[in-house]
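Quick notes on the structure that follows.
In this text, all values refer to a predicted model and were calculated from it rather than measured experimentally. Just so it is clear: chains get the letters A, B, ... in the order the sequence lines come, proteins before strands, and each one is counted from 1.
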Number of protein chains: 2
Amino acid sequence: MDTKFKAINDPTRREILQFLVNGPQNAGQIASQFDMSKPSISHHLDLLKQAKLIQADKKGQFIEYKLDKTGFEVIHTWFKTFSTYFEFPKPKIRIEI
Amino acid sequence: MDTKFKAINDPTRREILQFLVNGPQNAGQIASQFDMSKPSISHHLDLLKQAKLIQADKKGQFIEYKLDKTGFEVIHTWFKTFSTYFEFPKPKIRIEI
DNA sequence: TAGATAATTAAGCGAATGTCTAAATTAAAA
DNA sequence: TTTTAATTTAGACATTCGCTTAATTATCTA
């Protein structure tokens, strides 16, 4: 729990997550998106992985990262308490009688 | 944005939010829930207020705090990208005819 | 007006965080 | 096998964070 909130607390890590919405990317491709050293990005990837917000797949010399549902589900559950409290708008449908 | 993620990063602040689901409480009532000095809680409340996750209402000598929809909506919007990506189950709706 | 109560602001300190460069590991290519 | 490339691990350092105690502000009440 703590690990997940810590993971999404950093703006760079949130950007990495956004970037991975486009699909799986290897560490180098991710690093190239940022004006930051590769070791720093590597460290961010590690924290995201620990939080189970991303998954790592070794592909030969490369490591491919992708979003991991596991961690997001936990955050989603946490958030539900509050969305219920405020009754956030549910999707609207039109009914024909 | 940064402010909100920072706010929910701390476990004490998340507990405060959970506590406020029971309804508005003043600073003293909130502080009494934690084994921590009042100034520390006051500081946490300040950060939550800055993040617009809670609202403060001065009631004479007391200050009453309650959950603020504003900040939660922003987090909700951020999260939507990922819940869409994973196609999280949508809330059930009630149909009125 | 004094004194007591609720709460915040201020100052200080150790621990955690994010960044960097340099070194190590692992796998592909020459 | 030697070299090159992808990535991580290690070590160092400045900044931020969360906590405490002491002081301050604001409000109520006797």
* NA contact type, B/Tyr65, heavy-atom cut-off 4.0 Å: base, sugar-phosphate, or nothing? -> sugar-phosphate

* For B/Asp46, report the nucleic acid contact type (base, sugar-phosphate, nothing); a contact means any heavy atom under 4.0 Å. => nothing

* Give the cluster check for B/Leu45 versus B/Leu47: same hydrophobic cluster or not, with ILVMFWY residues linked at side-chain heavy-atom distances below 4.5 Å. => no

* So what does A/Lys58 touch, heavy atoms closer than 4.0 Å: a base, only the sugar-phosphate, or nothing? -> sugar-phosphate

* Asked: Taking atom C1' of C/dT26 as reference, at what distance in whole Å does atom CG of A/Asp57 sit?
  -> 17 Å

* Are OP1 or OP2 of D/dC19 and a side-chain N or O of B/Ser40 less than 4.0 angstrom apart? -> no

* Asked: Hey, does A/Lys49 reach any base, or is it just sugar-phosphate, or nothing, if we go heavy atoms under 4.0 Å?
  -> nothing

* Asked: Which is true for B/His43 with a 4.0 Å heavy-atom rule: it touches a base, it touches only sugar-phosphate, or it touches nothing?
  -> nothing

* Starting at CG of A/Leu48 and ending at P of D/dT8, how long is that distance when rounded to a whole Å? -> 12 Å

* Shared hydrophobic cluster for B/Ile41 and B/Tyr65 (ILVMFWY, side-chain gaps under 4.5 Å) -> yes

* Asked: B/Pro39 has a side chain; which of D/dC19, D/dT8, D/dT21 sits nearest to it?
  -> D/dT21

* Looking only at side-chain N and O atoms, does A/Lys6 come under 4.0 Å of OP1 or OP2 in C/dT17? -> yes

* Nearest listed nucleotide, side chain of B/Asn26, among D/dT9, C/dT19, C/dA7 -> C/dA7

